[in-house]
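Below is one structure, written out as structure tokens; the observations come after it.
Source: prediction; values computed, not measured. Sequence lines set the chain letters: A, B, ... in the order given, protein chains first and strands last, and positions in each chain run from 1.
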Protein chains: 2
Amino acid sequence: MTATTRRTEPLVFEPVKQNRNFEVVVQVVRDKMMRGELQPGDKLPPERELAKQLDVSRNVVREALRILENAGLVVTKKGAYGGAFVSEGSATQMSQVLSDLIMLNAIKVSDLCEARTLLLEMIIDQIKRRESIPDLTALDANLAETEEAVAARDSARRVAVARDFYHQIAELTGNTALVYTTDAQTELTQTFLQFRIGDMAPEVLLNSRRSFIEHLRAGRFDEAKEELRAHLDRVHTGLWDRS
Amino acid sequence: MTATTRRTEPLVFEPVKQNRNFEVVVQVVRDKMMRGELQPGDKLPPERELAKQLDVSRNVVREALRILENAGLVVTKKGAYGGAFVSEGSATQMSQVLSDLIMLNAIKVSDLCEARTLLLEMIIDQIKRRESIPDLTALDANLAETEEAVAARDSARRVAVARDFYHQIAELTGNTALVYTTDAQTELTQTFLQFRIGDMAPEVLLNSRRSFIEHLRAGRFDEAKEELRAHLDRVHTGLWDRS
DNA sequence: TTTCATGATTGGTATTACCAATAGAAGAAC
DNA sequence: GTTCTTCTATTGGTAATACCAATCATGAAA
């Protein structure tokens, strides 16, 4: 096996994995965040300064910032004392990912609705497993807000309050992952529903909410679950025939 | 209220919401995808051409492409006959989002592990609800592959086969949303585990897999669930003390 | 004290130029 | 004619420069 040997299947070298520069920049920032050197609220250097420090063009820095921004890791503000700031987390990104998967026909809307129902049922099961009556202060407050929004015919607020309703249910588990997942699902579903918000008769909504909360308060978790499922079925109906 | 009236609290106009150009470009492409004018495999025009058509600079187009690429909607290839191609969906983006949320301390690793366990238990419940013995061909094949990988001491393959194991379980529900969620969770967990893959004794792993599958085959869903939970507890143990 | 102008900072966009990888086409060697 | 090599056009990746536009602190002016 000399150096001049001709081979059809020659040495297999490492892939070398030539990363593009902006990917390296993204990784550098991610690392700083992971090490805690960059925390939520911190400000990154200005683009020109960052480019100089990393010895790349400002173009590269900007493309990296777009990726970080899109990932929800930083937000950018213009003007003096502006810049790229490390962000807090939010469920928006997760919701966007799911939306994209639906767009690519990788996920069916009907499946997503079913998953949402199952997720919320699972959450009720989790609360039940605690074997203690949960603190329903937040849900009571939410119900009051719902009544106000309905009375005021403020559909925008109705949507916001509905989002908070499911958020508060997820909060009862104390599991942050479940909270974010729930928020993402709710946000996405509401995106698809959009204008259809007002379709449901107010009294049906309020009755469902009231009986759900009362079931929980009385420790009737299975009945609460059933009420929730029935409500979600009503909301989801007619969603997946449209796409 | 004449035109010359001076007011400290003047007319409140619409926010105008001045979108940045690259955001507009992203939206244009997203719309085309949503309308089906762009389907997986299709090729976008070259950057220079796209810039000319949309009457923006190539910089703007590139920043938009970074966003689309990062969202998993397109992949970019260099060289002649290269370009940006509309992608198939994958669970990688969802996994990345969860990872970022952990990095921002918005989600605790322990919560994510618990959520994963709950998700898989829920999936078993779903299979049980079908009241028919599921098709276990894929899981049987997976077991055989696991045995091979263990015998060959091929840890990379062990990881890949493990990912497929959970994927196949999720597939049994026929719910695409659950499949993607499961894949994302698995991928993320494996990212955190990394080197710790070989820690588990091979016979423990294989025994767990075998008894899980046999439980399913015999319709003992609750026992299968219990076996799975025990296995996941073993895998997850020691994960969340480290971060 | 309040209001307004100003200027410095910083992100957003445009333009130009060149490098580097890729795949097909053309040509050379057999 | 077949196979291999080389060439070349295409296209993404990077750099550099210039200018616009928003923002906020500062200080002047009323």
Nearest-angstrom distance from the residue atom CZ of B:Phe22 to P of C:dA14: 12 Å
Would you kindly give the CZ-to-C1' distance between A:Arg20 and D:dG12, to the nearest whole Å? 9 Å
Can you measure B:Glu47 atom CD to D:dT14 atom P for me and round it to whole angstrom units? 11 Å
B:Lys52 atom NZ: more than 12 heavy-atom contacts under 6.0 Å: no
Side-chain donor-acceptor contacts of residues 77-85 of chain B below 3.5 Å, not counting sequence neighbours, with atom names and distances?
none

Please state whether the base of C:dG11 and the side chain of A:Arg48 form at least one donor-acceptor pair under 3.5 Å? yes
Is a side-chain donor-acceptor pair under 3.5 Å present for A:Asp100 with A:Gln96? yes
So, taking the atom named CD1 in B:Ile123 and the one named CD in B:Gln126, what distance separates them when rounded to the nearest 0.5 Å? 9.0 Å
Report yes or no: do A:Ser99 and B:Arg30 form a side-chain donor-acceptor pair below 3.5 Å? no
At their closest point, which heavy atom of B:Arg157 faces which heavy atom of B:Glu148, and how far apart are they? NH2-OE1, 3.1 Å
Please name the pair of heavy atoms, one in A:Ala64 and one in A:Phe22, separated by the smallest distance, quoted to 0.1 Å. CB-O, 3.6 Å
Protein-nucleotide distance (B:Glu69, atom CD; D:dT11, atom P), rounded to Å: 18 Å
Are side-chain N/O atoms of A:Asn142 and A:Gln168 paired as donor and acceptor at under 3.5 Å? no
So, with a heavy-atom separation below 4.0 Å from DNA chain D, the residues of residues 75-82 of chain A are A:Lys78, A:Gly79, A:Ala80, A:Tyr81
When rounded to whole Å, the CZ to P distance for the pair B:Phe85 and C:dA23 reads 10 Å
Are side-chain N/O atoms of A:Gln53 and A:Glu49 paired as donor and acceptor at under 3.5 Å? yes
Residues of residues 51-64 of chain B with a heavy atom under 4.0 Å from any atom of DNA chain D, listed by number, are B:Arg58, B:Arg62
Rounded distance (Å) that lies between atom P of D:dA16 and atom CG of A:Asn21: 12 Å
Between CG of B:Asn19 and C1' of D:dA21 the distance, given in whole Å, is 16 Å
